[in-house]
Amino acid sequence: MNTANKMSVKDIDVAGKKVLVRCDFNVPLKEGVITNDKRIVAALPTIKYLKENGAKVILCSHLGRPKGEWLPEFSLAPVAKRLSELLECEVRMSKDVIGEDAKDISATIKEGEVALLENVRYYKEETKNVPEFAKELASLAEIFVNDAFGTAHRAHASTTGVADYIPAVCGFLIQKEIDVMGKALDNPVRPFVAVLGGAKVSDKIGVITNLLEKVDTLIVGGAMAYTFLKAEGHNVGISLCEEDKLELACELLAKAKEKGVSLLLPVDHIAADKFDENAEPVAVEGKDIPDGLMGMDIGPKSVELFKEAVKNAKTVIWNGPMGVFEFKNFAGGTFAVAEAIAETDCISIIGGGDSVAAVTKLGFADKMTHISTGGGASLEFLEGLELPGIAALNEK
Ligand code: ADP
Ligand code: MG
């Protein structure tokens, strides 16, 4: 996907214009209270820029999955309240998205003011990307700004549909995703190392296949590694292993060889006799895992091997934990690799929901160049797929 020429808010004149901004305000709520406002805070640079440059800012977002029903627990009202605290100004909340209230806001909003429409998923037309709905939504504004990377892989009315009717550009969040991840994939500073892990090979086939074309070294850890080890003829005990993906694993190993990509697999393991938080960790030397044991994390020799490969990198993309990092006894490998990436002077990119959670939980988030704000979207980006929400943006 070519993303280098996409227009951003900086490339257009927004003064006096009504600007519809698609944000990702899908925040966690507990009994109507926002438990983490990270996504709201992340949206502030774009909103402030528009406000300071005299735009009339009309925000929209989804929240949860109300599936076309007007369920009050999915209202964006708590987000409007939090936004007004953070922006230190009033944020007018619309009762609807394309109804009377939204139209009234569009007609009366002044330069520098900020308003928020209700949950776009209160309308089933949103996820179905119904043109009439997208047209109504677009009619509220003169410019569309997409700043919701987390939904950029979905062709919905508020992510792509509106772009058929008004000029579309990206906000600063999407801009950074495109700049950092796009550059790493299209024109990486080398050596380029990918660290892949997580639960299943089947979830990551696209990512592995695409990255094999681009990287110098591919490190595979996590449960995914056992399918590769078994494909190489090793014993994996009762580890997670996808029997139906053994042939594919063989093909990928062969492809790595053909491309001259150094593909590193664990050379030892931390295992357990059951998948349990309190299971006793058993050190397993060598690549083979004895019968009755399952690999839960990479072992110390693997940590050294992977760290050595990361140390020389100039670009690192990481997706998928090295082990069951949610269990204290099996988080060591993920921690060590996160630390190695954090300490290396390189462009470091973390994508994937659990990987981002792991890096954040282990305290390395601030040391990475880029933490992708979209789980599914970042995986599709790494797969080299075209994201509809980005494809719909105007070119320079
Ligand atoms: P991401 O969300 O970053 O793309 P995945 O969803 O693919 O990552 O994988 C994350 C999950 O993989 C975590 O819940 C982790 O516990 C699990 N996992 C990693 N290694 C193992 C293992 N050896 N056995 C079982 N599960 C594992
Ligand atoms: Mg996941």
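When a ligand or atom number is given, it counts from 1 through the structure's own listing order.
In Y226, the part holding a heavy atom less than 4.0 Å from any atom of ligand 1 is the side chain. Proximity of N319 to ligand 1, defined as any heavy-atom pair under 4.0 Å, is confined to the side chain (atoms from C-beta onward). Contact annotation for K200 and ligand 1: no heavy atom of the residue comes within less than 4.0 Å of the ligand. Contact annotation for M294 and ligand 1: no heavy atom of the residue comes within less than 4.0 Å of the ligand. Counting heavy atoms closer than 4.0 Å to ligand 1, residue D354 contributes atoms from both its backbone and its side chain.
For the Mg ion (ligand 2), the nearby protein N/O/S atoms, meaning those under 2.8 Å, are D354 OD2.
Of all the atoms in ligand 1, the ones that sit under 4.0 Å from a non-hydrogen atom of L240 are 25 (C). Near P321, meaning under 4.0 Å from any of its heavy atoms, are these atoms of ligand 1: 8 (O), 9 (O), 10 (C). The contact set between ligand 1 and G222, taken as ligand atoms under 4.0 Å from a residue heavy atom, comprises 20 (N). Residue A199 approaches ligand 1 through these ligand atoms, each under 4.0 Å from one of its heavy atoms: 7 (O), 9 (O), 12 (O). For ligand 1, the atoms closer than 4.0 angstrom to any heavy atom of M296 are 23 (N). The distance from ligand 1 to the heavy atoms of G352 drops below 4.0 Å at these ligand atoms: 2 (O), 3 (O), 4 (O).
Ranking protein heavy atoms by distance to atom 21 (C) of ligand 1, first place goes to A223 N, 3.5 Å. Considering only non-hydrogen protein atoms, atom 18 (N) of ligand 1 sits nearest to G323 O, 3.9 Å. Looking at atom 3 (O) of ligand 1, its nearest protein heavy atom turns out to be S355 OG, 2.4 Å. Atom 7 (O) of ligand 1 has as its closest protein heavy atom K204 NZ, 2.7 Å. Of the protein's non-hydrogen atoms, E326 OE1, 3.5 Å is the one closest to atom 15 (C) of ligand 1.
R190 CZ: more than 12 foreign heavy atoms inside a 6.0 Å radius.
Of the N or O atoms in F275, none lie within a sub-3.5 Å distance of an N or O in ligand 1. Checked by distance only, ligand 1 and F325 stay at 3.5 Å or farther apart across all their nitrogen or oxygen atoms.
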Applying side chain to side chain contact (heavy atoms under 4.5 Å, CB included), run through I298 and I270 and close with a yes or a no.
CA-CA 6 Å; I298 56 174; I270 305 293; over 6 Å; no

Pair S61, L76 - check side chain to side chain contact (heavy atoms under 4.5 Å, CB included), show working.
CA-CA 8 Å; S61 174; L76 280 163; 4.1 Å; yes

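Remark: K230 engages E243 in a salt bridge (Lys or Arg N to Asp or Glu O under 4.0 Å) (not counting sequence neighbours). Not counting sequence neighbours, the partners of E308 by the side-chain hydrogen bond (donor to acceptor under 3.5 Å, both in side chains) test are K311. Residues passing the side-chain contact (heavy atoms from CB on, under 4.5 Å) test with K18, sequence neighbours excluded: K56, S106, I109, A141, E142.
To the nearest 0.5 Å, the span separating CE on M322 from CZ on F335 amounts to 15.0 Å.
Taking the six-membered ring where the residue is Trp, H269 and Y226 present tilted rings, their angle falling between 30° and 60°. Ring orientation note: the planes of W70 and Y123 are nearly perpendicular, at an angle over 60° on the 30°/60° scale.
Taking every heavy atom of both residues into account, A313 and V193 meet most closely at CB-CG2, 3.6 Å. When all heavy atoms of N146 and A148 are compared, the pair lying nearest together is OD1-N, 3.0 Å. Nearest approach of C60 to L117, heavy atoms of both residues: CB-CD1, 4.1 Å.
When L382, V207, V324 are ranked by how near their heavy atoms come to atom 26 (N) of ligand 1, first place goes to V324.
S202 and E242 share a side-chain donor-acceptor pair at under 3.5 Å. Judged purely by distance below 3.5 Å, without hydrogens or angles, the side chains of R22 and T159 never pair a donor atom with an acceptor atom. No hydrogens or angles considered: a donor-acceptor pair under 3.5 Å links the side chains of N319 and K204.
Ring pair F74/Y122: centre-to-centre distance not below 6.0 Å.
Close to ligand 1: G295, with a non-hydrogen atom less than 4.0 angstrom away.
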